[in-house]
Amino acid sequence: MPELPEVETVARGLRQSLPGRRILGVRLGKTDFIDDPSALELLLPGTTVSRIRRLGKNLLVDLQSGDGEAESLALLIHLGMTGQIAIISPDAPVPKHTHVFLSLDDGREMRYTDVRRFGRMAILSTADQEKELGGLGLEPLDILLDEFRARVGSRNGRIKALLLDQSVMRGIGNIYADESLWRAKIHPRKLGSKLTSEELKRLHRAVQGILREAIRLRGSSISDYVDSGGRKGKYQLRHRVYGRDGKKCSRCGSLIRWATVAGRSSHFCPRCQPAPRERKTAKKSKPRR
DNA sequence: CTTACGGCCTGGGTGC
DNA sequence: TGCACCCAGGCCGTAA
């Protein structure tokens, strides 16, 4: 599943081949993950890619219009769970579930393949970009310790939910949330406001360290993630808890556990990440009839 | 305002 | 071969 390290890897791949390329044509398959499919068909041809940006899990392909107009557009791509981008020869076999084809002026094409179609594509004006992406939190790789403390330590939500909340920080998903909490020795159910100063510091370091290492290893290929060159990542080999329930914790030997926290599957070591005191929520007695 | 939670989207994998 | 079911991440509506 593409989270920050995977999207960053894709972005770096696209930066190798897209800037300077002119888009010649657009062909679409299923379009229910595209905000306005006809806008893509209408506006993309004739534009030139100027740069590739990543904001959290979002990719932005900046476009210059062919006629030199100042109006700048960007193609937003969110890979969802199963989105893949390929820059490839049009003669290459087309994988199933490929729904967007952009022909490029170097003879290749950019393809978007998405089994689940949980991804998203949209053409955004500068104003749209602010509206759509303005609510995102800070980049976890850039956030300073003090900012991290302020944003996370003040909140009463479960730390797992806070790490996943894109308006707190952008780009962390289930894998890197679980891995970061394990490294920082914090239970996913603990409340942000209950984290000690030391825990906040450890978590800040853990998040950044893990994201950096994951980018270095080109992300985690869990289900079907590949980068824009079709290569798998290697960080899944370093996972300590994600998908390892029932296996031994590499730090203490206890068995990794699985539980639902904040509505998401969570993996953690019950010894290294001690459970917080349960909040006293009156156990709802079953309504009897 | 904040937080919690259920439901929805889709289809591959699994188990019977 | 079929078929029901689960699950993934993000988001949204609703409730407290």
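Since the model is a prediction, treat every value here as computed from it, not as a measurement. As a basis for the values below, the full set of heavy atoms in this structure was taken, side chains included, without hydrogen atoms, waters or symmetry mates. In the text below, chain A, chain B and the rest are named by the order of the sequence lines, each starting its count at 1.
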Inset, instruction - Would you kindly check whether a donor in the side chain of A:Arg117 faces an acceptor in the base of B:dG11, or vice versa, at under 3.5 angstrom? - result: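 Flag unset: no donor-acceptor pair detected.
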
Shortest side-chain distance from [X], nucleotide among [options]:
X        : options               : value
A:Asp32  : C:dG9, B:dG12, B:dT10 : B:dT10
A:Lys30  : B:dT3, B:dG11, C:dG9  : B:dG11
A:Tyr242 : B:dA4, C:dG9, B:dG11  : C:dG9
A:His97  : C:dA8, B:dG12, B:dC5  : B:dG12
A:Arg155 : B:dT2, B:dG11, C:dA8  : B:dT2

[X] [atom1] to [N] [atom2], straight-line distance once rounded to whole Å:
X        : N      : atom1 : atom2 : answer
A:Leu162 : B:dT3  : CG    : C1'   : 10 Å
A:Phe33  : C:dG9  : CZ    : C1'   : 16 Å
A:Arg264 : C:dC6  : CZ    : C1'   : 14 Å
A:Arg116 : C:dC11 : CZ    : C1'   : 18 Å
A:His267 : C:dG9  : NE2   : C1'   : 14 Å
A:Gln166 : C:dC11 : CD    : P     : 7 Å
A:Leu164 : C:dC11 : CG    : C1'   : 13 Å
A:Ile175 : C:dG9  : CD1   : P     : 7 Å

Legend entry - Along DNA chain C (nearest heavy atom to each residue), the more 5'-positioned of A:Trp258 and A:Arg120: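 Mapping each residue to its closest nucleotide by heavy atoms, the 5'-most match is A:Trp258.
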
Inset, instruction - Please report the C-alpha distance between A:Tyr112 and A:Phe33 in whole Å, then the side-chain angles of each, then the deciding distance to 0.1 Å, and finally whether the ring pair (Phe, Tyr, Trp, His ring centres under 6.0 Å) criterion is met. - result: CA-CA 11 Å; A:Tyr112 180 72; A:Phe33 60 98; 5.4 Å; yes

Legend entry - All side-chain contact (heavy atoms from CB on, under 4.5 Å) counterparts of A:Thr98, not counting sequence neighbours: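 Listed in chain order: A:Val94, A:Pro95, A:Phe101, A:Arg111, A:Thr113.
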
Inset, instruction - Could you pull out all residues at least two apart from A:Leu28 that satisfy side-chain contact (heavy atoms from CB on, under 4.5 Å)? - result: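 Partners of A:Leu28 by the side-chain contact (heavy atoms from CB on, under 4.5 Å) criterion, ordered by chain and then number, come out as A:Val26, A:Thr31, A:Ile34, A:Pro37, A:Leu40, A:Glu41, A:Val100.
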
Inset, instruction - Answer with yes or no whether the hydrophobic clustering places A:Trp182 together with A:Ile175; edges join I, L, V, M, F, W, Y residues whose side-chain heavy atoms lie under 4.5 Å apart. - result: no

Inset, instruction - Using a cut-off of strictly less than 4.0 Å, decide whether A:Asn174 has a side-chain nitrogen or oxygen near OP1 or OP2 of C:dG9. - result: yes

Legend entry - Pairwise distance OG(A:Ser250) to NE2(A:His239) - rounded to 0.5 angstrom: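 Result: 12.5 Å between the selected atoms.
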
Inset, instruction - Would you classify A:Gly80 as touching base, sugar-phosphate or nothing, given that sugar-phosphate means primed atoms plus P, OP1 and OP2, and contacts are heavy atoms under 4.0 Å? - result: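 Counting heavy atoms under 4.0 Å across all strands, no contact is made by A:Gly80.
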
Legend entry - Sugar-phosphate only, base, or nothing, as touched by A:Ser265 at under 4.0 Å among non-hydrogen atoms: sugar-phosphate

Inset, instruction - Determine if A:Phe118 stacks with C:dG9; use a centre-to-centre distance below 5.5 Å and an interplanar angle below 30° as the criteria. - result: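 Here the ring of A:Phe118 and the base of C:dG9 are stacked, with centres under 5.5 Å and planes under 30°.
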
